[in-house]
Amino acid sequence: MSLLKSTLRQWLPAIGMLLLAACSTANPSARENAGSAPQSPGSTQFSEAKGCKNVGILLPESDSSARYEAYDRPLLEQEIKAAIPDVTIQYANANNSAATQQNQAEAALTKGACILVVDPNDSDQAAVIVQQAKNSGVPVIAYDRLIQDPDLAYYVSFNNEKVGELQGQYIADQLAAGTLGLNRGDNLVMINGAQTDNNALLFRKGALSKLQPLVDKGELNLVFDQYTPNWDNARAQSMMEGVLTKTSNNVQIAYAANDGLANTVIAALRAQNLNGKVLVTGQDATLTGIQNILSGDQGMTVYKPIAREAKATAQLVAALSRGENTESLVNGTTELQGGETIPSILETPIVVDQKNVADTVIKDGFLTKEQICQGLSVKASNICP
Ligand code: BGC
């Protein structure tokens with residue numbers, strides 16, 4: 001008996017491997033399809049979704065942008081609770097660590113999460129989370145940042161390449177108009193987001209689609225173009241200080257991918273008495289970003305109505321929970337690096353500069369006049385008299 005047992009133990013792994021190999025050669029297309037087909041709520045792959053009342057929300061960080069704790073978290077919680085009244089929500093913020101986020105996902109699954117909404121700290125590494133969830137029959141919705149995994153169920157975000165195009169177009173327009181004395185051949189610095197964030201790649205791609213033609217024609221001189229690990233604001237400041245030293249302060253335009261980076265870029269400029277004289281871009285319409293725009297230190301930001309992103313996500317979560325079809329909610333697809341497509345909901349970003357602060361962020365209640373005007377050192381004529 002014991003001989004039989006030990007022989008079996010010895011041969012079991014080999015038998016398993018043989019069976020696996022037989023399955024994959026017998027039906028290779030079924031294996032491919034399992035990875036790339038758009039997932040439907042009825043799919044057995046996500047057996048836990050129907051009837052789900054325990055939702056995990058995982059956000060990536062809280063120090064490069066105020067958005068996560070100020071908007072994403074409360075809005076997602078509020079919208080999901082409104083859509084599924086007796087839902088339990090498990091929330092965690094990864095504080096800029098992909099490993100922490102993996103642990104948080106595991107913890108949420110252990111505590112019964114049956115749908116995960118994940119804004120990945122790292123768009124590649126979070127594939128582990130998608131696979132773990134899939135093994136438990138749980139769908140993952142990538143929120144704001146894409147996750148590079150064909151088993152991802154859905155992606156909800158803004159058109160992120162468009163965000164970059166808006167930033168790049170703003171620079172091109174100001175150059176053409178000669179704003180701040182901008183001239184042909186001016187020096188441009190690009191302080192991009194984190195290379196591990198798929199959005200940062202899209203922002204840069206979109207911006208360069210507008211700027212590279214100007215660089216090629218000699219209208220702009222691209223003197224610096226780097227990613228900022230973890231979107232670390234302090235790192236962006238030292239990068240900007242380095243460029244200013246290296247060029248003897250010869251910088252006329254600073255593309256900063258978001259308002260957090262822009263704010264420390266402005267600090268580096270201020271130290272050289274150059275704030276308000278160099279064109280700076282941003283994104284997120286944060287309170288600081290809007291105040292920097294009104295004081296003239298920053299040219300523009302990109303307003304992304306997070307309420308819409310959160311609502312769309314909640315609608316998907318609710319449809320999955322009720323076992324309903326999600327086709328009417330989805331408005332497009334997103335291609336992964338491997339060419340597979342993920343059903344997506346993509347919202348539209350909006351440019352904000354001094355001219356339309358009132359008609360956009362204030363009108364929507366994203367920020368109030370009081371918040372913006374409090375502590376603003378300059379008088380911004382039409383908004384803070
Ligand atoms: C988001 C931006 C945010 C940045 C840093 C990006 O993925 O889309 O809104 O500013 O991450 O957190």
Side-chain angles (χ1 to χ4, degrees), residues 58-65 67-68 72 93-102 105 118-130 142-150 152 155 157-168 171 188-212 215 222-243 246 253-265 268 280-284 301-302 304 334-340 342 346 349:
L58 305 181
L59 298 185
E61 51 128 323
S62 51
D63 40 33
S64 172
S65 180
R67 61 171 287 176
Y68 302 108
D72 296 285
N93 189 308
N95 290 320
N96 253 328
S97 160
T100 301
Q101 194 165 53
Q102 280 170 23
V118 182
D119 189 340
N121 180 251
D122 183 308
S123 294
D124 292 322
Q125 290 194 48
V128 173
I129 297 176
V130 174
Y143 176 79
D144 201 68
R145 299 177 180 175
L146 188 61
I147 301 176
Q148 294 288 350
D149 190 301
L152 182 65
Y155 177 46
S157 190
F158 286 85
N159 180 338
N160 292 302
E161 204 168 321
K162 178 82 185 167
V163 170
E165 286 170 16
L166 294 174
Q167 294 168 321
I171 293 175
L188 163 71
V189 167
M190 288 187 81
I191 309 269
N192 303 293
Q195 201 164 6
T196 48
D197 170 1
N198 189 67
N199 284 350
L201 311 183
L202 297 175
F203 300 150
R204 177 173 177 272
K205 184 176 177 208
L208 279 176
S209 74
K210 304 294 177 183
L211 299 173
Q212 192 62 50
V215 173
L222 184 56
V223 293
F224 185 89
D225 174 18
Q226 274 187 29
Y227 288 103
T228 313
N230 275 335
W231 289 87
D232 181 345
N233 293 185
R235 174 80 81 101
Q237 180 162 351
S238 41
M239 291 200 292
M240 191 64 195
E241 285 163 357
V243 187
K246 212 167 164 192
I253 303 168
Y255 165 93
N258 79 355
D259 289 352
L261 302 181
N263 194 46
T264 53
V265 162
V280 178
T281 65
Q283 172 185 185
D284 286 340
T301 186
V302 178
K304 301 190 294 188
T334 299
E335 201 174 303
L336 300 177
Q337 268 153 15
E340 306 89 345
I342 303 295
L346 298 179

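When reading the values below, keep in mind they use all heavy atoms of this one structure, side chains included, and skip hydrogens, waters and symmetry mates.
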On a heavy-atom basis, which atom in [X] and which in [Y] lie closest, and how many Å separate them?
| X | Y | answer |
| --- | --- | --- |
| G193 | A257 | N-CB, 3.7 Å |
| A268 | E241 | CB-CG, 3.8 Å |
| N159 | P349 | O-CG, 3.8 Å |
| F224 | I191 | CE2-CD1, 3.9 Å |
| P120 | P60 | O-CB, 3.8 Å |
| L261 | A236 | CD2-CB, 3.8 Å |

Hits for side chain to side chain donor-acceptor pair (under 3.5 Å) against D259, two or more places apart or cross-chain, chain-then-number order -> T286, Q298, T301
Sequence neighbours excluded, the answer for side chain to side chain donor-acceptor pair (under 3.5 Å) partners of T334 is S344
Is a donor on one side and an acceptor on the other found under 3.5 Å between the side chain of [X] and the backbone of [Y]?
| X | Y | result |
| --- | --- | --- |
| N95 | E61 | no |
| N160 | F158 | yes |
| N230 | D232 | no |
| Y255 | G282 | no |
| N192 | Q226 | yes |
| R145 | N199 | no |
| S123 | L146 | yes |
| Q148 | Q337 | yes |
| T281 | A256 | yes |

List the steps and the verdict of side chain to side chain contact (heavy atoms under 4.5 Å, CB included) for W231 and D63.
CA-CA 9 Å; W231 289 87; D63 40 33; over 6 Å; no
N258 and S64: CA distance, side-chain angles, deciding distance, side-chain hydrogen bond (donor to acceptor under 3.5 Å, both in side chains) verdict:
CA-CA 8 Å; N258 79 355; S64 172; 3.2 Å; yes
Supply the atom-to-atom distance [X] [atom1] to [Y] [atom2], rounded to the nearest 0.5 angstrom.
| X | Y | atom1 | atom2 | answer |
| --- | --- | --- | --- | --- |
| R204 | Q195 | CZ | CD | 8.5 Å |
| F203 | N198 | CZ | CG | 9.5 Å |
| M239 | Q237 | CE | CD | 11.0 Å |
| S65 | D72 | OG | CG | 8.0 Å |

Going by the side-chain contact (heavy atoms from CB on, under 4.5 Å) test, name the single residue among N121, T196, D122 that passes it with N96.
N121
Before giving the answer on side chain to side chain contact (heavy atoms under 4.5 Å, CB included), spell out for Q125 and Q101 the whole-Å C-alpha distance, their side-chain angles and the decisive distance to 0.1 Å.
CA-CA 10 Å; Q125 290 194 48; Q101 194 165 53; over 6 Å; no
Stepwise, does the side chain to side chain contact (heavy atoms under 4.5 Å, CB included) test hold for I147 with V118?
CA-CA 9 Å; I147 301 176; V118 182; 4.0 Å; yes
Looking at side-chain heavy atoms only, is the closest gap between L208 and M190 below 4.5 Å?
yes
State, with a plain yes or no, whether a side-chain heavy atom of D119 is found less than 4.5 Å away from one of Y68.
yes
For atom NZ of K210, decide whether the heavy atoms of other residues, nucleotides or ligands shown that lie under 6.0 angstrom number more than 12.
yes
When you compare the side chains of N233 and N263, does any donor N or O come within less than 3.5 Å of an acceptor on the partner?
no
Test side chain to side chain contact (heavy atoms under 4.5 Å, CB included) applied to V163 and L202, step by step
CA-CA 8 Å; V163 170; L202 297 175; over 6 Å; no
